[in-house]
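Residue numbers start from 1 in every chain, and the chains themselves are labelled A, B, ... in the order their sequence lines are given, proteins ahead of strands.
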Number of protein chains: 2
Amino acid sequence: MTRTRAVTISRVAEAAGVSVATVSRVMNGSATVAPQLAERVREAAARLGYRPNASAQGLARGRTGMIGVLLPDLANPYFHEVMKGLTAEAVADGYHTLVAASDEVPEDEGSLAHELLRQTDGLVLCSSRMPRHDLSEVLDAGRPVVSVNRQVSGLALPAVTVDSHAGMLAVCGHLARQGHRQVTYLSGPPLSWSHRERRRALSESSAFGIDPQTVDCGSTMDDGYRATDAALERRPTAIIAFNDIVAFGALARLRERGVAVPDEVSIAGFDDIAFAAYASPALTTVRNPKEQLGRHAWRMLTRLFKGERGLEPQVLVPELVVRDSTGPAPAAIATPRLQGPSARAAGRPSVRSPRGEATSS
Amino acid sequence: MTRTRAVTISRVAEAAGVSVATVSRVMNGSATVAPQLAERVREAAARLGYRPNASAQGLARGRTGMIGVLLPDLANPYFHEVMKGLTAEAVADGYHTLVAASDEVPEDEGSLAHELLRQTDGLVLCSSRMPRHDLSEVLDAGRPVVSVNRQVSGLALPAVTVDSHAGMLAVCGHLARQGHRQVTYLSGPPLSWSHRERRRALSESSAFGIDPQTVDCGSTMDDGYRATDAALERRPTAIIAFNDIVAFGALARLRERGVAVPDEVSIAGFDDIAFAAYASPALTTVRNPKEQLGRHAWRMLTRLFKGERGLEPQVLVPELVVRDSTGPAPAAIATPRLQGPSARAAGRPSVRSPRGEATSS
DNA sequence: TTGAAAGCGCTAACAA
DNA sequence: TTGTTAGCGCTTTCAA
């Protein structure tokens, strides 16, 4: 009922019998305050329950202590793992994170980005599908912006990415060695940089003897579920999904249709989200160093804060994780297996990463 | 390189040849500005790329346009769905969301809550495990706070919850009708309100002829995976998991140990996250109206903003969703099934919710 | 080592 | 209808 006026710095100053400047110094850990005065101030602040007003601090300091993160889809656990790495670093440096999702509507990204920048000290664009023009407009504001999972040539946009191209080659190589030739790719959002890289690699996979097909899909479980029928029409012995949640959807549809995985059709995803190891069968996937990606993004941002420019793009290395959803192609099943079933059944949802199959750029 | 000074309101005023007050009026849609003047201002603002400084607005207006959300675990998709509902409403009202996670460390919640409140206009505590004392300290700040998934008697804390007690009774009833007696519950975080409600209902389930056991578990997939061996030692015919991701972990372990689901052991979860329908077998669960929960939370918060007090708690109704992970108890398998397998195999990962099994408070 | 005071960019009386 | 100006709460010179 009683609308108590908030406790401000001057209240504390009053209570401690000092000036606001002194209170400010104490709260910010300035060394130039007499110990007992500082103690008196701290005592008063604690007693009154003083919490500095963030807006006022932001205005006076010229920085908010927040950064913005824009991502396409809050429902994909992939992004939480990136956020986890990013937030861990940011919090350690006293920063908070303001998140917004474009819900896979590339046209909305521009205004969301501006809105985030308006309230923060810098921005991380994660797997952005923003049209190039909008992107350069965002950069024109001259504020610190870092891109994750997208490289853009010709724009001064520091980026940290994972070598999606190499990742796709690794899966294709793995499948080829298992005797697969007919491979169908459930494609991701058309404007996704990772998707484009994967597609590029896919078309090169004919060098492995693979005959790739593509089916339009998307990035959600439902997309995967729905695209699976079309994929099966191509009569593939293996399906590669744009990401793990798409693979999840596909897996569900395959089960429903009574298609045995991996005996009839193998399936692989990308990212290695936590659910992948718990899928049935456990999902073969290309691990993406998600937390690292987030950490690197933060470090880049801090370098921008310090005024550094022209930062080199960072490229992280993905890693093929072979689990139970991929196996020999049906035609090849009579020939000796490259990898016995005993090796795959052992232990808990295994996260084995055969060094020989790890990829690099 | 060139650190351009930010475009401020006075820059725009200058450029448009008007006072800052007029610019402010135009930007905030005040009707009392001559149309052509307004146009001139808008043009100047657009040309200069003016974006109001959020800190300055926050300070002048006495509100930030942000609300805080505190939740225990960013890795659980459950919370994203709650966030989705919450954010949708908040954004529609011009608000943004600042999220923090306690990572299941109840002792950290207090300071996180204060930190969020410091930067926002109100706070949503989601599935809070905060010790009561810390909670009342947070409320003492006199700022708008709403609780989701937790009711606290004796504190003026408006809450919107789901009837977890009824949800648990619904699962137990379902299992009892399938002939289950030996049921093991993989318990949630000890301080979770939902967990406590479920546990209370569980102990009442002996009325259905159920003999409940409890195994300490937690709230993550890994917790579920690890607790499953201990659960099996109780020789249950059915396992109830604290939530769906715990059930996912348990499912993986059961598969590994060659325990057939649901033929040997049935398993059910809570929440009905998106992954549940795609699990193998598709997971029987108690659906939680996640988005609604978020929407209600926002509405409560807005009522607090308007100065309303003493808001009645809102209790939403969960709904049992029977899928393929539960079936007749092994001993009862010889007797006629209550629900034939044909009914469960049909269609896509089915989200059937037999009205007769829907629960209410 | 401390205090006075000038902003930070914006909003909202109040005057004109 | 428009402009002037006093804050909003805090930081940070600059003096003392």
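Between the CZ atom of B:Arg63 and the C1' atom of C:dT11 there is a distance of 12 Å, given to the nearest Å. In this structure, B:Arg118 places its CZ atom 12 Å from C1' of D:dG9, rounding to the nearest Å. Remark: P of C:dC14 and CZ of B:Arg25 are 14 Å apart, rounded to the nearest angstrom. Following rounding to the nearest Å, A:Ile9 (CD1) and C:dG3 (P) show an atom-to-atom distance of 12 Å. One atom, CG of A:Leu48, and another, P of D:dG9, lie 15 Å apart when rounded to the nearest Å. Across the protein-nucleic acid pair, A:Glu14 atom CD and D:dC10 atom C1' stand 16 Å apart, rounded to whole Å.
Between B:Thr22 and D:dT2, a side-chain N or O to OP1/OP2 separation shorter than 4.0 Å is absent. Between C:dT2 and A:Ser19, no contact under 4.0 Å exists linking OP1 or OP2 to a side-chain N or O.
One cannot find a donor-acceptor pair under 3.5 Å joining the base of D:dG9 and the side-chain atoms of A:Arg11.
In this structure a side-chain-to-backbone donor-acceptor pair under 3.5 Å is missing from B:Arg150 to B:Ala159. A distance-only check finds no donor-acceptor pair linking the side chain of A:Arg129 to the backbone of A:Glu109 [under 3.5 Å]. Judged purely by atom type and a 3.5 angstrom limit, B:Asn149 has no side-chain atom pairing as donor or acceptor with the backbone of B:Cys126.
In this structure, the side chains of A:Tyr95 and A:Thr302 stay at 4.5 Å or more apart for every pair of heavy atoms.
Within residues 50-62 of chain B, the residues that have a heavy atom under 4.0 Å from DNA chain C are, in order of number, B:Tyr50, B:Pro52, B:Asn53, B:Ala56, B:Gln57, B:Ala60, B:Arg61. For the segment residues 29-44 of chain B, the set of residues with a heavy atom within less than 4.0 Å of an atom of DNA chain D comprises B:Thr32, B:Val33, B:Ala34, B:Leu37, in numerical order.
Classified by interplanar angle (parallel below 30°, tilted 30° to 60°, perpendicular above 60°), the ring pair A:Phe305/A:Trp298 is perpendicular.
We find that A:Arg11 and A:Glu14 are not joined by a salt bridge, their nearest charged nitrogen and carboxylate oxygen being 4.0 Å or further apart. A salt bridge is absent between B:Glu43 and B:Arg40: the closest approach of a Lys/Arg side-chain nitrogen to an acidic carboxylate oxygen does not fall below 4.0 angstrom. Salt-bridge annotation for A:Lys84 and A:Glu81: absent, with no side-chain N of the basic residue lying under 4.0 Å from a carboxylate O of the acidic one.
Remark: A:Ser55 engages A:Asn53, B:Leu59, B:Thr64 in a side-chain contact (heavy atoms from CB on, under 4.5 Å) (not counting sequence neighbours).
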